[in-house]
Every structure is written in structure tokens, then in C-alpha cells.
Amino acid sequence: MDDPLHLTPWQRLALAYVPVSVRKAQETVLAMDAIGGKICDSTSEMLLGQMRYAWWRDVMNGTSTDRRTGHPLLELIGEQPGFEQQALVPIIDAWESYIVDADGAYGGEHARDRGAALAQCFVRLGMADDSKELDNMLGCYALWDDIRMGRYDGEAAITVKQVLGKQLNPLRNWKIPRRLRILAIIREMIVRDALHDGWDKPLMRPSMAARIIRRGLTG
């Protein structure tokens, strides 16, 4: 059965090791990002995609008159008193740029914007301090996710893999705060692919699950 928030099995496993105080908030951010990706990957006409992003933007800004509030993401937000929904809007905006200017993504421009939006969201929701490392790590995550999801092909795929390796290398020794332990887990997975040529291997297999658990326990 598909996850109603479109989170992957590895994300669910990683979230289990996030401190309880920020777990639901980080789940919400990942879910908004995953929903944005789902819209991007399932949209064949730009206008239809923009309409779907506009609906989410209106909901998060509190301006939508649509009463379909039963969506799992909205229920998750409702479980968090005082959650600042508007903090999610930059993620929606970043995803919309993928479908508006899909051909401009070579080299990872859209992924960098999406990473910056995710970082801005983490900071605004009080889950992280603003830093260059946070921006760069989430930019690497967005680019890695794009590659893994097949949003690049041919020469573009080769180019962005090279870009990712260069961007990731300086972050290998970044001491990630405990409340951002999920980023340590993500870094472990990206290193496996980008620096140890793991792209052709299935992402969620027993050895990777074991590494996620170890990283989740040790930070």
C-alpha cells in the first residue's frame, strides 16, 4: 500500500530516529516535498500542474475556500498546534519551477532552489539554525532525489552526478546537530551513491536499512 503522504520506506525508517520534539514537523516538511514531487512527476501539461500547486499554495496561505480538509498532510498539520503552514509555501514554489522551466534544470539549478526552500522551512519552523551547510546539504538531497527519481537522462544525468559529487564532498565532515539526525542519514545514502558509485543498486535493501539504523542510533 502506498504511503498516504507519499513518503518512502527509507524516509519512514529515518523518521523513527528523529527526536520526538521535531519528528512531526520534519515529517510534514518531507511530505510537502514528496507531494510536490508527485505532482511534478505525474503532470504532462504545465497548466494542470500549476493549478495543483496553486491549490496547495492557497491552502497553506489560508486563502483556499476548498473544504476538502481530509488530506493526510492537512490532518498531520492539524495535530501540531500553532504549526506555521506558510513556511511550506517556498517548497511549493520551488517545485512549480520544475514544470515551468523543465529544460533549465541541467546542472541542478532547480534542485538548489528546492534545497534552499527546504532549508528556509527548517529554519522558519525552528528546527535548525540558518547556515551555509544546511542550505548545501538540502541542495544535495534535492539533487540526489532528482537523480534517483529519473528526472534527468542522458548527458544531463552524467552532468548532475558530477555536480552532486563536488557539492557533497565538503559536507562529509559537517557535524550535524542531533535534532537534524535525519540529514546524517540522508548524507550516508548520498555518499553511497555519489561517492561510491551506488546508483545502480536498489536503494532500500537490508544493508542500507542496517546503515540507516546505525546512523540513526549514533548520529
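These numbers come from the heavy atoms of this one structure, side chains and all, not from hydrogens, waters or symmetry mates. Residue numbers start at 1 and run along the sequence shown.
In the hydrophobic cluster analysis, where Ile, Leu, Val, Met, Phe, Trp and Tyr join through side-chain heavy atoms closer than 4.5 angstrom, Val29 is grouped together with Leu74. Residues Leu48 and Trp56 do not share a hydrophobic cluster, clusters being chains of Ile/Leu/Val/Met/Phe/Trp/Tyr side chains in contact below 4.5 Å. At a threshold of 4.5 Å between side-chain heavy atoms, the hydrophobic network of Ile, Leu, Val, Met, Phe, Trp and Tyr places Tyr141 and Met149 in two separate groups. Val163 and Ile158 sit in two unconnected hydrophobic clusters of ILVMFWY residues. Membership requires side-chain heavy atoms under 4.5 Å apart, directly or through other members. Linking Ile, Leu, Val, Met, Phe, Trp and Tyr residues whenever their side-chain heavy atoms come within less than 4.5 Å places Leu143 and Leu195 in a single cluster.
The shortest non-hydrogen separation linking Pro90 to Ala117 is O-CB, 3.4 Å. Listed here is the closest heavy atom pair of Leu180 and Ile176: O-CG2, 3.2 Å. The two atoms that bring Ala142 and Arg114 nearest to each other are O-NH1, 3.4 Å, heavy atoms only. Smallest separation of non-hydrogen atoms from Cys140 and Leu164: O-CD1, 3.6 Å. For the pair Arg148 and Gly198, the tightest heavy-atom approach, listed with the atom from each and the gap, is NH2-O, 3.3 Å. Heavy atoms only, all atoms of each residue included: Gly49 and Ile39 are closest at O-CG2, 4.2 Å.
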- [ ] Report the C-alpha distance between Ile182 and Leu30 in whole Å, list the side-chain angles of each, state the deciding distance to 0.1 Å, and finish with yes or no for side chain to side chain contact (heavy atoms under 4.5 Å, CB included).
- [x] CA-CA 11 Å; Ile182 195 167; Leu30 289 178; 3.5 Å; yes

Open item on the list: Evaluate Gln167 against Asn136 for side chain to side chain contact (heavy atoms under 4.5 Å, CB included), listing each step before the verdict.
Closed with: CA-CA 7 Å; Gln167 291 179 352; Asn136 290 343; over 6 Å; no

- [ ] Step by step, work out the side chain to side chain contact (heavy atoms under 4.5 Å, CB included) result for Asp93 and Trp95.
- [x] CA-CA 5 Å; Asp93 294 341; Trp95 271 114; over 6 Å; no

TODO: Show the numbers, then the answer: is there a side chain to side chain contact (heavy atoms under 4.5 Å, CB included) between Leu76 and Leu5?
DONE: CA-CA 10 Å; Leu76 178 61; Leu5 294 174; 4.0 Å; yes

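In this structure, CG on Leu183 lies 5.5 Å from CG on Leu138, to the nearest 0.5 angstrom. The line from CD1 of Ile92 to CD of Glu96 is 9.5 Å long, rounded to the nearest 0.5 Å. The CZ atom of Arg192 sits 10.0 Å away from the CG atom of Asp197 when rounded to the nearest 0.5 Å. Distance check: Arg181 CZ to Ile185 CD1 gives 8.0 Å after rounding to the nearest 0.5 Å. The structure places CD1 of Ile77 at 4.0 Å from CE of Met60, a figure rounded to the nearest 0.5 Å. If you take CZ on Arg178 and OG on Ser21, they are separated by 7.5 Å, rounding to the nearest 0.5 Å.
Side chain of Gln85 to backbone of Gly62: no donor-acceptor contact under 3.5 angstrom is found. One N or O on the side chain of Gln80 and one on the backbone of Ala25 form a donor-acceptor pair closer than 3.5 Å. With hydrogens and angles ignored, the 3.5 Å screen pairs a side-chain donor or acceptor of Tyr53 with a backbone N or O of Cys40. Although no hydrogens or angles enter the test, the distance criterion places a donor-acceptor pair under 3.5 Å between the side chain of Arg23 and the main chain of Val18. In this structure, the side chain of Arg124 does not engage the main chain of Glu84 through any donor-acceptor pair within 3.5 Å.
Counting only heavy atoms from C-beta outward, the side chains of Trp144 and Val191 never approach each other to under 4.5 Å. Between Thr28 and Leu73 there is a side-chain heavy-atom pair separated by less than 4.5 Å. With contacts defined as side-chain heavy-atom distances shorter than 4.5 Å, the pair Ser42/Arg52 qualifies. Inter-residue side-chain proximity for Lys24 and Phe83 is flagged as unmet; no heavy-atom pair is nearer than 4.5 Å.
Under the 4.0 Å criterion applied to side-chain N and carboxylate O atoms, Asp129 and Arg179 are assigned as salt-bridge partners. With respect to Arg151 and Asp145, a salt bridge is recorded, a charged nitrogen being found less than 4.0 Å from a carboxylate O.
Ring centers of His71 and Trp55: at least 6.0 Å apart, outside the cut-off.
Taking a 6.0 Å sphere around CD of Glu155, one finds it holds 12 or fewer heavy atoms contributed by other residues, nucleotides or ligands.
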